[in-house]
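One structure, as structure tokens, below. Some questions next.
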Amino acid sequence: MDHYDSQQTNDYMQPEEDWDRDLLLDPAWEKQQRKTFTAWCNSHLRKAGTQIENIEEDFRDGLKLMLLLEVISGERLAKPERGKMRVHKISNVNKALDFIASKGVKLVSIGAEEIVDGNVKMTLGMIWTIILRFAIQDISVEETSAKEGLLLWCQRKTAPYKNVNIQNFHISWKDGLGFCALIHRHRPELIDYGKLRKDDPLTNLNTAFDVAEKYLDIPKMLDAEDIVGTARPDEKAIMTYVSSFYHAFSGAQKAETAANRICKVLAVNQENEQLMEDYEKLASDLLEWIRRTIPWLENRAPENTMHAMQQKLEDFRDYRRLHKPPKVQEKCQLEINFNTLQTKLRLSNRPAFMPSEGRMVSDINNAWGCLEQAEKGYEEWLLNEIRRLERLDHLAEKFRQKASIHEAWTDGKEAMLQQKDYETATLSEIKALLKKHEAFESDLAAHQDRVEQIAAIAQELNELDYYDSPNVNARCQKICDQWDSLGALTQKRREALERTEKLLETIDQLYLEYAKRAAPFNNWMEGAMEDLQDTFIVHTIEEIQGLTTAHEQFKATLPDADKERLAILGIHNEVSKIVQTYHVNMAGTNPYTTITPQEINGKWDHVRQLVPRRDQALTEEHARQQHNEKLRKQFAAQANIIGPWIQTKMEEIGRISIEMHGTLEDQLSHLRQYEKSIVNYKPKIDQLEGDHQLIQEALIFDNKHTNYTMEHIRVGWEQLLTTIARTINEVENQILTRDAKGISQEQMNEFRASFNHFDRDHSGTLGPEEFKACLISLGYDIGNDPQKKTGMMDTDDFRACLISMGYNMGEAEFARIMSIVDPNRLGVVTFQAFIDFMSRETADTDTADQVMASFKILAGDKNYITVEELRRELPPDQAEYCIARMAPYTGHDAVPGALDYMSFSTALYGESDL
């Protein structure tokens with residue numbers, strides 16, 4: 001009890017923190033718990049000459065509660081208070097609760113006041129906690145937890161009995177056969193098990209309870225009627241009563257211990273065989289899938305339509321999204337299973353596993369590489385084909401768009417060119433018609449490029465074998481014919497207009513001059529309004545300063561612009577004066593422009609109003625950029641400190657992992673203190689995250705004051721935490737190896753010093769020659785190879801040097817060692833594999849002799865064992881496993897059915913064949 005592992009206690013007791021006390025409100029369960037817990041307490045209190053009658057009343061003053069704890073623990077508690085006042089009772093109960101807590105038990109919501117007040121729920125919960133700690137907690141079968149160990153013990157003891165199937169601590173015990181089986185297994189003379197009937201649970205339960213009370217000194221804690229009459233008996237009551245059987249039979253014969261040892265060895269062998277079978281099947285299935293998939297990926301049959309190629313691409317995406325990921329997981333699981341199997345074989349002193357021909361991990365990796373290569377080529381081909389078809393579709397759509405635009409433009413142009421409107425036109429009208437015709441000719445010339453593009457696209461579609469080329473060619477020919485007709489009509493109309501122009505030589509030059517000057521000035525004002533109203537996006541002070549400078553330059557041009565405005569308005573005023581003076585017949589407005597003086601004045605006034613608004617916007621943006629620059633510097637000041645700090649810590653951890661200062665526990669303590677100092681740095685990271693959030697909210701995307709981004713800091717911080725955790729784990733594993741194999745601290749230091757000495761590239765692994773030199777430096781003698789004892793330096797300088805110094809270094813022996821430390825044939829030896837090998841050479845492990853000695857115990861010191869003895873002492877599956885694999889015993893003292901357990905034991909460790 002004193003040596004109980006506190007961690008195991010916490011692991012088992014943790015579920016009880018979630019104990020639902022509301023279940024105690026169930027009258028049936030509460031009745032069962034009252035009786036069971038009362039009987040259990042009295043079974044201990046009677047040793048002190050007392051007992052309790054009412055469990056919630058008799059513990060209220062704390063006196064009998066303290067006495068109960070003294071009896072079951074064998075320790076003295078603090079002197080109790082003898083007063084009758086409530087404060088004295090609370091003090092006694094608190095002393096009892098403090099004693100329970102001192103034993104590593106966490107009491108949840110149980111207070112002394114509730115016990116003193118006679119709270120039934122809390123009193124029963126407290127007693128259950130005491131039962132767990134002092135009656136159930138120390139039960140352990142094959143390194144399981146207390147509850148699981150007790151259940152496993154019950155299952156093993158009742159396995160040979162028919163109609164008994166123990167799966168839990170409630171309904172599995174209702175028929176009473178489980179209790180009878182436990183008694184019969186250990187004391188067969190007390191119960192005639194063959195006469196019991198499963199359909200008579202009351203008789204079975206009462207028989208078990210009476211026998212246990214009379215012959216085993218186990219008090220009657222349960223009522224048969226309560227158990228049968230309850231749909232689900234109380235688990236805690238059943239566990240309490242069953243634990244009494246466990247303790248009553250805890251002194252079982254030596255054969256059980258021997259049987260457990262054999263079961264453990266056989267279980268390891270069975271598990272390893274199953275892992276080997278699983279590996280072979282998974283490897284075969286994965287290789288077969290790869291063989292079927294590669295031909296599909298190598299198919300390059302093209303399609304003529306985009307829909308068909310997109311379907312192929314969708315199939316490939318389904319393969320990537322649905323079919324391949326499970327296979328990636330299978331491949332990963334295959335490698336994990338292989339490494340796990342090799343580790344288990346090595347730790348259990350078994351030969352390394354060699355898969356069947358063609359199913360090695362390297363074979364699977366090679367096949368997977370071929371699959372990846374085929375997959376890459378197939379994806380590239382798909383994308384190229386889709387791009388080609390997209391190009392065709394794009395060209396066809398481009399042809400249709402350009403053709404539609406051109407046809408819409410030409411609509412009505414032939415009728416317009418055939419009009420005779422110039423024959424009755426006035427001077428201004430004929431001038432306008434002529435200018436309009438000139439504009440049309442310019443427009444016609446501009447459309448020449450579109451017609452050429454349409455013809456070029458049609459030609460390219462023909463060259464690429466576009467499926468709808470006939471319709472494209474017919475439409476293109478129609479457009480070209482119409483274009484030739486427009487050219488002829490345009491030339492004919494121009495000649496007619498020029499003839500008419502000679503008759504009307506006086507043209508309103510002022511209108512023309514007005515239009516020429518008003519148009520660019522109007523464009524300038526519209527551009528200025530757009531610029532002044534344009535929303536700007538800047539990220540630095542330099543950018544906003546550039547905008548401010550450009551705005552000042554614009555304001556400097558306003559006086560000249562106002563002069564130009566007045567000049568244009570003067571031209572318009574001159575036109576009005578001429579019209580009034582000479583009574584010229586002006587039909588309509590200015591034919592050369594639609595821009596009026598009113599529009600010019602209105603836009604000019606708008607420009608003048610926008611200038612001060614732009615000034616204010618630039619000023620506000622400048623202030624915002626100054627604030628952003630402050631945020632950049634604030635972030636950079638911290639990042640430039642934290643980034644190098646993380647890098648320094650990473651380098652320090654790297655040095656710590658290969659240095660040796662003190663014992664492994666000292667190194668582990670130092671690393672944990674180092675880890676704590678790193679974790680304490682987290683507030684600075686959080687502060688930097690806060691600054692980064694401000695930067696993001698301000699939409700700042702760059703920072704010239706530092707090369708560190710928040711993502712760099714996060715990745716570095718996560719790598720730092722991972723590295724210190726992994727280094728601590730490596731030291732913990734070394735401690736586990738050292739303690740499990742019995743290696744002294746001096747040996748561990750010597751192993752690490754030798755490993756570091758020969759790991760010259762600080763990679764954490766040794767090559768074969770480095771490993772051999774390390775073994776020799778530790779005094780390991782490897783068999784002599786006469787061909788190498790030349791005493792001279794050859795190409796293998798290091799090995800020859802060792803031989804010349806008197807060391808024996810045989811190739812065969814070294815190859816054997818390498819097969820142990822490098823079963824995967826990777827050509828390197830890790831420090832963990834090196835420690836495993838050295839611990840195997842220096843530590844004691846299970847051997848064939850120990851297994852034979854255990855079998856001899858079960859056989860009653862005979863040189864053979866019978867089928868009946870195996871089935872009586874071992875679980876059914878492992879007994880049948882031995883019977884199927886043991887050879888018949890042929891010694892002089894053999895009897896019919898005798899089996900040879902000696903050859904079977906040596907075969908388990910690879911010393912002979914099964």
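Predicted model, so just to flag it, every value in this text is computed and none were measured.
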Taken to the nearest 0.5 Å, the spacing of E277 CD from E280 CD works out to 9.5 Å
| message | For a 4.5 angstrom cut-off between non-hydrogen side-chain atoms, does H705 reach F635? | response | no
| Mind checking whether K157 and Y246 have side chains closer than 4.5 Å, heavy atoms only? | no
Separation between CG (L69) and NZ (K95), nearest 0.5 Å, reads 13.0 Å
Could you tell me if the side chain of Y881 sits less than 4.5 Å from the side chain of N269, heavy atoms only? yes
To the nearest 0.5 Å, atom CG of L150 lies from atom NZ of K147 at 10.0 Å
Report task. Side-chain contact test, heavy atoms from C-beta onward, threshold under 4.5 Å: evaluate it for L65 versus I130 and give yes or no. Result -> yes
**Prompt:** Side-chain contact, heavy-atom cut-off 4.5 Å: N365 with E335?
**Reply:** yes
Worksheet item: Is there a donor-acceptor pair under 3.5 Å between the side chain of N729 and the backbone N or O of A725?
Response: no
**Request:** Report the C-alpha separation of N94 and D98 in whole Å, then their side-chain angles, then the decisive distance to 0.1 Å, and conclude whether the side chain to side chain donor-acceptor pair (under 3.5 Å) test is met.
**Result:** CA-CA 6 Å; N94 273 326; D98 292 341; over 6 Å; no
Legend entry - Side chain proximity check, L671 to I653, heavy atoms < 4.5 angstrom: no
Heavy atoms of A352 and L345 approach each other most closely as C-CD1, 4.0 Å
Sorted by chain and residue number, the side-chain hydrogen bond (donor to acceptor under 3.5 Å, both in side chains) partners of K684 (sequence neighbours excluded) come out as none
Looking only at heavy atoms, the pair that brings K344 and N272 closest together is CB-OD1, 3.9 Å
- request: Measure the shortest side-chain to side-chain distance between F99 and E75 over non-hydrogen atoms and say whether it is less than 4.5 angstrom.
  value: yes
Chi angles and distances behind the side chain to side chain contact (heavy atoms under 4.5 Å, CB included) call for C332, I336: CA-CA 6 Å; C332 178; I336 291 173; 3.8 Å; yes
Exercise for review: Evaluate the side chain to side chain donor-acceptor pair (under 3.5 Å) criterion for residues D691 and Q687: first the C-alpha distance (whole Å), next the side-chain angles of each, then the deciding distance (0.1 Å), finally the verdict.
Suggested key: CA-CA 6 Å; D691 293 342; Q687 182 181 357; 4.9 Å; no
Taken to the nearest 0.5 Å, the spacing of T709 OG1 from R714 CZ works out to 8.5 Å
d(R359 CZ, L282 CG) to nearest 0.5 Å is 11.5 Å
Residues Y279 and V361: closest non-hydrogen pair is OH-N, 3.4 Å
_Under 4.0 Å between a side-chain nitrogen and a carboxylate oxygen: does that hold for E675 and R672?_
no
Minimal heavy-atom distance between N168 and L151, with the atoms involved, is N-CD1, 3.9 Å
Item to complete: Run the numbers on Y708 and N703 for side chain to side chain contact (heavy atoms under 4.5 Å, CB included), then give the verdict.
Response: CA-CA 9 Å; Y708 293 99; N703 194 340; over 6 Å; no
message: Using side-chain heavy atoms (C-beta onward) and a distance below 4.5 Å, is W717 in contact with I678?
response: yes
Within the side chain of S669, is there an N or O that forms a donor-acceptor pair under 3.5 Å with the backbone of E665? no
Quiz item: Where do L736 and E732 land on the side chain to side chain contact (heavy atoms under 4.5 Å, CB included) test, with the steps shown first?
Solution: CA-CA 6 Å; L736 290 175; E732 289 174 340; 5.6 Å; no
Between W645 and L720 the two heavy atoms that sit nearest each other are CZ3-CD2, 3.8 Å
d(M126 CE, I100 CD1) to nearest 0.5 Å is 6.0 Å
Should we say atom CG of N339 is surrounded by more than 12 heavy atoms from elsewhere, each under 6.0 Å from it? yes
Residues L77 and A96: closest non-hydrogen pair is CD2-CA, 4.3 Å
task: Please confirm whether the backbone N or O of F353 pairs with a side-chain atom of Q342, one donor and one acceptor, at under 3.5 Å?
output: yes
